[in-house]
Amino acid sequence: MMLSAAGFVDSALGLDCDAKRGPVAHHRFSPYTFNGGTVLAIAGEDFSIVASDTRLSEDYAIHTRDSPKCYKLTDKTVIGCSGFHGDCLTLTKIIEAKLKMYKHSNNKMMSSGAIAAMLSTILYSRRFFPYYVYNIIGGLDEEGKGAVYSFDPVGSYQRDTFKAGGSASAMLQPLLDNQVGLKNMQNVDHVALSLEKALQLVKDVFISAAERDVYTGDALKICIITKDGIREESFSLRRD
């Protein structure tokens, strides 16, 4: 009579061959990971603001405290990207390469609206294996007015006046709806948002987000786009 190796080992270890074994755990590879972070954009009459925090984390580990998510594309356009950091870097490099080709071919820079349309086609071309990125574009349109474009992962986009994306977007968007959009507000004068008020509002909402969202914090980078170019400001947030 022949004994199987498994039966011999079980008998030698004093294990019952008929004992029920637990379920086998399968560890699957995932091409995505969430690195947190929050981006926000507000459009005014003659300006746009794109802001983001600088924390880059994964689960409960902080990789770096100095990783802004705002990327300058032209002198009138900035894109905010959050989500999987690897996809953010890849996507912004592709956009920058296409902008250089456009400039060499047409001897001018692409407008903010054209960049938004181009990004839509880039995202849609990867719809079966999409970039894990929340994209918001802020800039000035052809008439010099502020413009904000928000995207879903597969390329659908729309023009907005204000938009938040990323890990704390569920907290920031209601504040923007109330303070900028004045949604469902009664007996309120709808006046144009000034640059100074918009800047203070951006700082306030990020301070609030850093108090509640573990993936948002460390510092705030603000890009202010006007007809004179892009100006950057930094503001400290909580670091714990």
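What you see is a predicted model; the values in this text were computed from it and never measured. Numbers here simply count residues along the sequence, with the first being 1.
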Can any side-chain N or O of Glu233 pair as donor or acceptor with the backbone N or O of Ile222 at less than 3.5 Å? no

What distance do Asn35 atom CG and Ile62 atom CD1 have between them, rounded to the nearest 0.5 Å? 12.5 Å

Closest non-hydrogen contact found for Ser82 with Gly36 is CB-O, 4.1 Å

Looking at side-chain heavy atoms only, is the closest gap between Leu91 and Leu123 below 4.5 Å? yes

Can you tell me how far apart CZ (Phe129) and CZ (Arg127) are? Round to the nearest 0.5 Å. 15.0 Å

Exercise: identify the closest heavy-atom pair between Ala41 and Ile136: CB-CG2, 3.5 Å

Check whether Ile42 and Leu172 end up in the same hydrophobic cluster, where Ile, Leu, Val, Met, Phe, Trp and Tyr are linked by side-chain heavy atoms less than 4.5 Å apart. yes

Would you kindly confirm whether Ile94 and Leu119 end up in one hydrophobic cluster when ILVMFWY residues are joined by side chain heavy atoms under 4.5 Å apart? yes

Is the shortest distance from a Lys or Arg side-chain nitrogen in Arg55 or Asp53 to a carboxylate oxygen in the other one below 4.0 Å? no

Sequence neighbours excluded, which residues qualify as side chain to side chain donor-acceptor pair (under 3.5 Å) partners of Ser48? none

Let me confirm one number: the CG-OG distance from Asp152 to Ser120, rounded to the nearest 0.5 Å. 8.5 Å

Check for me, please, whether Val180 and Leu199 land in the same ILVMFWY cluster - side-chain distances under 4.5 Å, paths through other members count. yes

Check whether any side-chain heavy atom of Asn135 sits under 4.5 Å from a side-chain heavy atom of Ile79, and report yes or no. yes

Quick one: does Thr216's side chain get under 4.5 Å of Met171's, heavy atoms only? no

Partners of Ser169 by side chain to side chain donor-acceptor pair (under 3.5 Å), sequence neighbours excluded? none

Report the residues that fulfil side chain to side chain donor-acceptor pair (under 3.5 Å) with Glu45, sequence neighbours left out, ordered by chain and then residue number. none

With no hydrogens and no angle check, is any side-chain donor or acceptor of Lys72 less than 3.5 Å from a backbone partner on Cys70? no

Can you tell me how far apart CG (Leu237) and CZ (Arg65) are? Round to the nearest 0.5 Å. 11.5 Å

Phe235 vs Phe206, test: ring pair (Phe, Tyr, Trp, His ring centres under 6.0 Å). Steps then yes/no. CA-CA 10 Å; Phe235 182 78; Phe206 267 96; 9.7 Å; no

Distance-only criterion, 3.5 Å: show the donor-acceptor pairs between side-chain atoms of residues 99-107 and protein atoms not counting sequence neighbours.
{"residue": "Ser105", "atom": "OG", "partner": "Met101", "partner atom": "O", "Å": "2.9"}
{"residue": "Asn106", "atom": "ND2", "partner": "Tyr102", "partner atom": "O", "Å": "3.0"}

Counting C-beta onward and ignoring hydrogens, is there a side-chain heavy-atom pair between Leu73 and Met110 closer than 4.5 Å? no

Can you tell me if OH on Tyr124 sees more than 12 non-hydrogen neighbours from other groups inside 6.0 Å? no

Heavy atoms only: give me the nearest Val133-Cys81 pair and the separation to one decimal. CG1-CB, 3.6 Å

Heavy-atom count check: over 12 atoms from other residues, nucleotides or ligands less than 6.0 Å from Arg212 CZ? no

Do any pairs count as a ring-ring contact (aromatic ring centres under 6.0 Å, His included) and have a residue in residues 156-194, sequence neighbours left out, and if so which ones? Phe151-Tyr157

Look at atom CG of Asn178 and say whether more than 12 heavy atoms of other residues, nucleotides or ligands are closer to it than 6.0 Å. yes

Answer yes or no: is there a side-chain heavy-atom contact under 4.5 Å between Pro31 and Phe84? no

Co-membership, hydrophobic cluster, residues Phe47 and Leu201, 4.5 Å side-chain: yes

Report the residues that fulfil ring-ring contact (aromatic ring centres under 6.0 Å, His included) with Tyr149, sequence neighbours left out, ordered by chain and then residue number. none

If you take all heavy atoms of Ile122 and Ile95, which pair is closest and at what distance? CD1-CG1, 4.2 Å

Hey, could you give me the CG/OG distance between Leu40 and Ser52, rounded to the nearest 0.5 Å? 10.0 Å

Candidate list Ile137, Asp141, Val148, test side chain to side chain contact (heavy atoms under 4.5 Å, CB included), partner Arg159, passing option: Asp141

Smallest heavy-atom separation, Lys163 atom then Ser150 atom, equals CG-CB, 3.5 Å

side-chain contact (heavy atoms from CB on, under 4.5 Å), that's the test. Do Met109 and Asp75 meet it? Break it down for me. CA-CA 9 Å; Met109 295 304 298; Asp75 290 336; over 6 Å; no

Identify the two heavy atoms, one from Thr64 and one from Asp218, that lie closest to each other, and give their separation to 0.1 Å. O-OD2, 4.5 Å

Leu220 versus Lys203: any side-chain heavy-atom pair under 4.5 Å? yes

Out of curiosity, Glu232 CD to Ile225 CD1, how far, rounded to the nearest 0.5 Å? 10.0 Å

Do the side chains of Val205 and Ile207 join up, straight or via other hydrophobic residues, at under 4.5 Å, putting them in one cluster? yes

Between Leu56 and His85, is there a side-chain heavy-atom distance shorter than 4.5 Å? yes

Is any side-chain heavy atom of Ile49 less than 4.5 Å from a side-chain heavy atom of Leu195? yes

For the pair Ser112 (side chain) and Leu140 (backbone), establish whether a donor and an acceptor sit closer than 3.5 Å, ignoring hydrogens and angles. yes

Lys197 atom NZ, over 12 foreign heavy atoms within 6.0 Å: no

